[in-house]
Student: 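The structure under discussion is supplied below as structure tokens; questions concerning it will follow.
Here is the naming used below: chain letters follow the sequence lines, and residue numbers restart at 1 for every chain.
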Amino acid sequence: MIILPSSGHYWSMPPDVMLLAPLHAATPRVHAMTFEELFAEYSAFVWRSLRRLGLQPADADDACQEVFITVHRKHALIEVGRERAYLFGVCVRVAAGVRRSRRRKPWHTPSNAVVDESEGKRRSTSDALMPDAEQALVQAQQQQQLDAIVARLPDELRPVFVSYELLEMTMQEIALALQLPPGTVASRLRRARELFTAAAQAASRREQL
Amino acid sequence: MSEPSRLLDDAATLPEVARLLRAGRSESLSPVRRTAIATGISAATGAALAAGAARGGVSAGGAAAAGHAGAATLWKLVGLGVLVATIGGGAWVARYRDVPSHNTLNAPVSETAPITVGEAASRAPVSVAPTVALSAVAEASTTAAPGSLQVPTHATPVHPAPAPTPQPSASHAHQPTRRAAAAVAPAQDTLRIEVAMLAEIKRLLNASDGAAAQARLANYRAMFAHGVLVMQADVLEIELAQHAGATAKVRALADAFLQRYPHVPASERVRRLRAPALAGSGEVDEAPTP
């Protein structure tokens, strides 16, 4: 049974009602997605989530496979309308595992824009599609800077900031994905924004020197 | 509680903050990566993601063909391409003589170039190939939506091709077939062909047509000895050996695979495939575990 939340009053719902509310009320679905549909719909979202959670592209590829292998085992348990929240929750756990396994290496190598040999073959193909190499370079540098700042956010703030500001998830989805009370999500987002803004300003000042 | 406005939507957000956030949102999963990931998941789970992706591309193009049929069609196109090259090849070969055979993705190729003929001419299923031009494959790929695998559904007919004739005098008659594959299509098309070939092998395996699957796998190996999806082909080969009941071969292949790739997602599947072979010999699993 699906209960549609009234706009703007989601957080005032009793918890049991909140858990029944679909996360995409604008386009409610009544049937569960197959595993193939999940991959078709959310593979790009999962990969971007993993990247923004601090994984290098090659690691994000492997982690993306791991996420969907997990989903393959459990996809019958995913509730209709909550796929994105579920997937992001898995992404957070998988990304944390990859980071732990990379403990001996820097979280982000300084040469993020320079790809390793195994990456080179695939990257060169996508690079060939970029209309402007200079623009691509600037974009890569900005992404590297963004990743460096996000990496310095405290662990408990990072997923909240990434999911809301970069992946455009709703507060409701984030609360479900991270299994946090709505108030905690809001306060973490606020703190993360302050830290991120301060770090971005500092980085900008350093560039101008 | 209402949703706070996002920083990028807030006019008060500092430009340097907005710039970084925009960069973070702009990065996307390329079709090449997506395909490679899908194939890896398919190998690990047995789900038909690669074929499903092809199916999505076909439906996006408005065709009614099923995914497996699409993969089969692409396979036939590859075969026919070899056939067409038998007739029209020759001088073009010199142009591609310097293409590094180990790097098909980066090879400078032409979308419409005829291809040389190698051993694949005798192996490819040309007898069942429809008369279509390979350029249709490249053309379809350039119009495909990002992230989709598209099999041409309105392939350009060509004149009925005469039976392939041997070219004993041509010095290039036995050029490596992977070079021929590189000349067939640009980088992404090469990967599409790899995906389609592996999807076809998987389909044949699921249909318990081991002999045909084995023949297709041999063709894949010949064309893509250093392909992007070689690891997935290795998994399929183990599955084929298991299907054939060749326990010793399963074990040997699985051991070799786990030696090479101990910590990839497909390793777990290979261990599962290897387990019955070990049980039959009464040995203990000593393969590396993640």
Student: Can you tell me how far OG of B/Ser42 sits from CZ of A/Phe39, rounded to the nearest 0.5 angstrom?
Tutor: 7.5 Å

Student: Taking all atoms of both residues into account, what is the closest heavy-atom pair of A/Ala200 and B/Glu16, and its distance?
Tutor: O-CG, 4.0 Å

Student: Counting heavy-atom pairs under 4.5 Å with chain B, which one of A/His72, A/Arg48, A/Glu168 comes out on top?
Tutor: A/Glu168

Student: Would you give the length of the straight line joining atom CZ of B/Arg6 to atom CZ of A/Arg193, rounded to the nearest 0.5 angstrom?
Tutor: 8.5 Å

Student: Would you say that B/Leu29 contacts A/Phe45 through its side chain, given a criterion of any heavy-atom pair below 4.5 Å between the two side chains?
Tutor: no

Student: For the atom pair CZ (B/Arg269) and CD1 (A/Ile69), what is the distance rounded to the nearest 0.5 Å?
Tutor: 10.5 Å

Student: Step by step, work out the side chain to side chain contact (heavy atoms under 4.5 Å, CB included) result for A/Gln142 and B/Arg22.
Tutor: CA-CA 9 Å; A/Gln142 288 176 346; B/Arg22 265 196 294 275; over 6 Å; no

Student: Checking B/Leu14 against chain A: side chain, backbone, both or neither under 4.5 Å from a heavy atom?
Tutor: side chain

Student: Check whether any side-chain heavy atom of B/Pro4 lies under 4.5 Å from a side-chain heavy atom of A/Arg190, and answer yes or no.
Tutor: no

Student: Tell me the closest heavy-atom pair linking B/Gly24 and A/Leu166, and the distance in Å.
Tutor: CA-CD2, 4.3 Å

Student: How many angstroms lie between atom CD of A/Glu165 and atom CG of B/Asp10, to the nearest 0.5 angstrom?
Tutor: 9.5 Å

Student: May I ask you to name which of B/Pro15, B/Ala23, B/Ala44 has the most heavy-atom pairs under 4.5 Å with chain A?
Tutor: B/Ala23

Student: Any chance you could lay out the side chain to side chain contact (heavy atoms under 4.5 Å, CB included) test for A/Tyr164 and B/Leu7, step after step, and finish with the verdict?
Tutor: CA-CA 9 Å; A/Tyr164 193 76; B/Leu7 287 177; over 6 Å; no

Student: Against B/Ile37, only a single residue in A/Asp61, A/Asp62, A/Val67 fulfils side chain to side chain contact (heavy atoms under 4.5 Å, CB included); can you say which?
Tutor: A/Asp61

Student: Does B/Arg34 reach the main-chain N or O of A/Ser43 with its side chain, forming a donor-acceptor pair under 3.5 Å?
Tutor: no

Student: With a 4.5 angstrom heavy-atom cut-off, is it the side chain or the backbone of A/Ile149 that approaches chain B, or both, or neither?
Tutor: side chain

Student: Considering non-hydrogen atoms only, spot the tightest contact between A/Pro57 and B/Arg33 and give its length.
Tutor: CB-NH2, 3.3 Å

Student: For each of A/Glu66, A/Arg73, A/Gln201, tally heavy-atom pairs with chain B at distances under 4.5 Å, and name the one with the top tally.
Tutor: A/Gln201

Student: I'd like to know if the side chain of B/Glu27 and the backbone of A/Gln143 have a donor-acceptor N/O pair within less than 3.5 Å.
Tutor: no

Student: Go through the steps to decide whether B/Leu20 and A/Gln145 satisfy the test side chain to side chain contact (heavy atoms under 4.5 Å, CB included), and finish with yes or no.
Tutor: CA-CA 7 Å; B/Leu20 292 179; A/Gln145 200 173 31; 3.3 Å; yes

